[in-house]
**Q** 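I have a structure I would like to understand better, so I am pasting it below and will then ask my questions one at a time.
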Amino acid sequence: MNKAWIFSSIASVVIIAAGIGSFSYINRTVPTQLPNKPLLASTTAQTASQTNTGTSTLKDVIFNTQKKVVMIELEDGSLGSGFLYNDQGDVITNAHVVAGALNVKVKTADARTLTGKVIGIGTDTDIAVVRVPELVGTEPLKLAQKGSADVGDNVLALGSPLGLQNTITTGIISGVGRDFTIDPYVYTNLYQISAPIAPGNSGGPLIHADTGEVLGINSAMASESNTIGFSIPVAEIQKTVQNWSKTPMKDVPTTSASSENVDDEMPSVQDEAQYIVSYFYESLSMQDYVTAYSLLGSRWQSNLSYADFRQGYINTGAVSIDSIIATKDGEQVKVTVEITAEERKDSGTVYSSYKLHYILAYENDILKILSGEGKKVSS
């Protein structure tokens, strides 16, 4: 996973919950003791009109996109993401994801493990193309043209953060025209995004939530207190990747990215815990209750049926996160979040603030949400 992640020198990495721009269908009310009940926490904000008019369309976009996003794995276990961009079986990813490799494993959404060959890779541009013969003839994702995105547009970031394949997070384009250098790569005219991303997201597509077109390639993340991701506009690199597809490189550079600029250590368990909590509620925001339920620990699941879990997250609207902190306590991690929730009641819609506490730990080498509790904060 190490090679699949670049950290900007402009800020230290902190993986936190919440993007900007989505509705989460969460708990009708926050219980005071929640070890065996649904637990309210972070997701992202979106207007009611967007949700009421765009839910089915958003689901269609997600369904059609996920099938064409893959996880890329190198021999040393490093992970990244990529997406099919033409009918020749060619997958776009980041150069730093496949740096030093000629052949890689490509895992598809339908659980196939295929072999891919690097046919083009940038030495100063963080872009690469992997050809997967078994994907020839598969319908690709549509690439957006230049000028297709603006600040405030709703976006989806797809990939395999922390090895969690087919993960989707939501947000907006929060900035454009960002430039910086992380040797050996030069990044110019980037999209800045609020969608939460993590190690393993690199190379995955940034999707316009309304059109389903690929806007960019998610490439880096840097933040002090808020999630800030960066995505290379796909319109900027179309000619390059198309040339590689037409005329594959005969001698593919095999040197790795500078070790000074590639994270050589695994993300901390605190970072991972914050991301798991974020992923949990992003899944709920997409009404993907099966995925959200799967992130609960076995003891919690044994005391809470899936049907009851799902029912508990039907009548709450938008929830925004105000703060999130993770601290390690022995073999466990405590995650504390403060949120503001929109609650729909018979008397109308109200907005309430809550403080919630989670305990996370590993079960069979997978980080799980073991328990939680929360209480309403007096206004």
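What you are looking at is a predicted structure, and each value in this text was computed from that prediction instead of being measured.
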**Q** Using a 4.5 Å cut-off on heavy atoms from C-beta on, say whether the side chain of V132 contacts that of V91.
**A** yes
**Q** Which atom pair, heavy atoms only, marks the closest approach of Q165 to T108?
**A**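 So the minimum-distance heavy-atom pair works out to NE2-O, 3.3 Å.
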**Q** Stepwise, does the side-chain contact (heavy atoms from CB on, under 4.5 Å) test hold for R178 with F230?
**A** CA-CA 8 Å; R178 306 307 194 206; F230 296 98; 4.0 Å; yes
**Q** Taking C-beta and beyond as the side chain, do E75 and E73 meet within less than 4.5 Å on heavy atoms?
**A** no
**Q** Less than 4.5 Å apart, any side-chain heavy atom of S245 and any of Y85?
**A**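 Yes; the side chains approach each other to less than 4.5 Å.
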**Q** To the nearest 0.5 angstrom, please state how far the CD atom of Q270 sits from the CG atom of D329.
**A**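 Interatomic distance, Q270 CD to D329 CG, rounded to 0.5 Å: 11.0 Å.
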**Q** Report yes if some heavy atom in the side chain of Y275 is under 4.5 Å from a heavy atom in the side chain of T167; otherwise report no.
**A**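 Y275 reaches T167 side chain to side chain.
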**Q** Return the minimal non-hydrogen interatomic distance between Y185 and G122, and the atom names on each side.
**A** CE2-O, 3.9 Å
**Q** Which residues pass the side-chain contact (heavy atoms from CB on, under 4.5 Å) test with V151, not counting sequence neighbours?
**A** V176
**Q** Side-chain heavy atoms under 4.5 angstrom apart, residues restricted to Ile, Leu, Val, Met, Phe, Trp, Tyr: same cluster for L370 and I325?
**A** no
**Q** Look at the side-chain heavy atoms of Ile, Leu, Val, Met, Phe, Trp and Tyr, link any pair under 4.5 Å apart, and say whether Y351 and V337 land in one connected group.
**A**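 Result: no, two separate clusters.
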**Q** Tell me the closest heavy-atom pair linking W244 and G120, and the distance in Å.
**A** CD2-CA, 3.6 Å
**Q** Can you tell me if D126 uses its side chain to pair, donor with acceptor, with the backbone of H96 under 3.5 Å?
**A** yes
**Q** Can you tell me if S160 uses its side chain to pair, donor with acceptor, with the backbone of M71 under 3.5 Å?
**A**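 The answer is no, because no donor-acceptor pair under 3.5 Å joins these two groups.
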**Q** For L215 and V155, run side-chain contact (heavy atoms from CB on, under 4.5 Å): C-alpha distance rounded to whole Å, both residues' side-chain angles, the deciding distance at 0.1 Å, then the answer.
**A** CA-CA 9 Å; L215 296 175; V155 293; 3.8 Å; yes
**Q** Go through it in stages, so that I can follow the logic: the residues are F83 and T65, the test is side-chain contact (heavy atoms from CB on, under 4.5 Å), and I'd like the CA-CA distance, side-chain angles, deciding distance and then a yes or no.
**A** CA-CA 9 Å; F83 60 93; T65 302; over 6 Å; no
**Q** Using a 4.5 Å cut-off on heavy atoms from C-beta on, say whether the side chain of V130 contacts that of V98.
**A** yes
**Q** Report the distance from atom OG1 of T115 to atom NZ of K105, rounding to the nearest 0.5 Å.
**A** 8.5 Å
**Q** Just by modelled atom types, is the D60 backbone N or O under 3.5 Å from a matching donor or acceptor in the N64 side chain?
**A** yes
**Q** To the closest 0.5 Å, what do you measure between CD (Q88) and OG1 (T138)?
**A**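 Between Q88 CD and T138 OG1, I get 12.5 Å after rounding to 0.5 Å.
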**Q** Quick check on D346: does its CG atom have over 12 non-hydrogen neighbours (other residues, nucleotides or ligands) under 6.0 Å away?
**A**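 No - once you tally the heavy atoms of other residues, nucleotides and ligands closer than 6.0 Å, there are 12 at most.
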**Q** Treating Ile, Leu, Val, Met, Phe, Trp and Tyr as nodes and any side-chain heavy-atom pair under 4.5 angstrom as an edge, say whether I72 and L102 lie in one connected cluster.
**A**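 Linked, I72 and L102 end up in one cluster.
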**Q** Which pairs would a plain distance check flag for residues 231-242, meaning a side-chain donor or acceptor within less than 3.5 Å of a matching protein atom at least two apart in sequence or in another chain?
**A**
residue	atom	partner	partner atom	Å
S231	OG	I217	N	3.1
S231	OG	I217	O	3.3
S231	OG	N218	OD1	3.4
E236	OE2	N189	ND2	2.8
Q238	NE2	A144	O	3.0

**Q** Find the distance between CD1 (I193) and CG (D153) and round it off to the nearest 0.5 Å.
**A** 12.5 Å
**Q** Could you check whether atom NZ of K67 has more than 12 heavy atoms from other residues, nucleotides or ligands sitting under 6.0 Å from it?
**A**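 Yes, because the 6.0 Å sphere around NZ of K67 holds more than 12 heavy atoms from other groups.
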**Q** Under the salt bridge (charged side-chain N to carboxylate O under 4.0 Å, His left out) definition, can you give me all pairs with a residue in residues 359-369, not counting sequence neighbours?
**A** none
**Q** Within the 4.5 Å heavy-atom criterion, are L296 and F280 side-chain neighbours or not?
**A** yes
**Q** Can you tell me if T125 uses its side chain to pair, donor with acceptor, with the backbone of I127 under 3.5 Å?
**A** no
**Q** Taking all heavy atoms of E139 and all of L84, pick out the closest pair and write down the distance.
**A** O-CD2, 3.9 Å
**Q** Under 4.5 Å between side-chain heavy atoms, hopping through other hydrophobics if needed: is there a path connecting Y191 to V186?
**A** no
**Q** Identify the two heavy atoms, one from S302 and one from R299, that lie closest to each other, and give their separation to 0.1 Å.
**A**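 That would be OG-O, 2.6 Å.
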**Q** Within the 4.5 Å heavy-atom criterion, are I119 and M249 side-chain neighbours or not?
**A** no
**Q** Could you go step by step and tell me if S219 and S202 meet the side-chain contact (heavy atoms from CB on, under 4.5 Å) rule?
**A** CA-CA 5 Å; S219 303; S202 290; 5.8 Å; no
**Q** Just by distance, do the side chain of S81 and the backbone of G200 share a donor-acceptor pair under 3.5 Å?
**A**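 Looks like yes, one N/O pair under 3.5 Å.
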**Q** Any chance you could measure E213, atom CD, to K142, atom NZ, to the nearest 0.5 Å?
**A** 4.5 Å
**Q** Mind listing the closest non-hydrogen atom pair of Y306 and Y293 along with its distance?
**A** N-OH, 3.6 Å
**Q** Taking side chain as C-beta onward, heavy atoms only, is L114 less than 4.5 Å from L135?
**A**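 When only atoms from C-beta onward are counted, L135 and L114 do touch, with a gap below 4.5 Å.
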**Q** Please check if any side-chain donor atom of Y289 sits under 3.5 Å from a side-chain acceptor atom of Q311, or the reverse.
**A** no
**Q** Starting from L360, can I reach I366 by hopping between I/L/V/M/F/W/Y residues whose side chains sit under 4.5 Å apart?
**A** no
**Q** Would you find a donor on one side and an acceptor on the other, under 3.5 Å apart, between the side chain of S353 and the backbone of V377?
**A**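 Side chain of S353 to backbone of V377, a donor-acceptor pair under 3.5 Å: no, none is there.
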**Q** Distance check, rounded to the nearest 0.5 Å: T170 atom OG1 versus I207 atom CD1?
**A**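 The distance works out to 13.5 Å.
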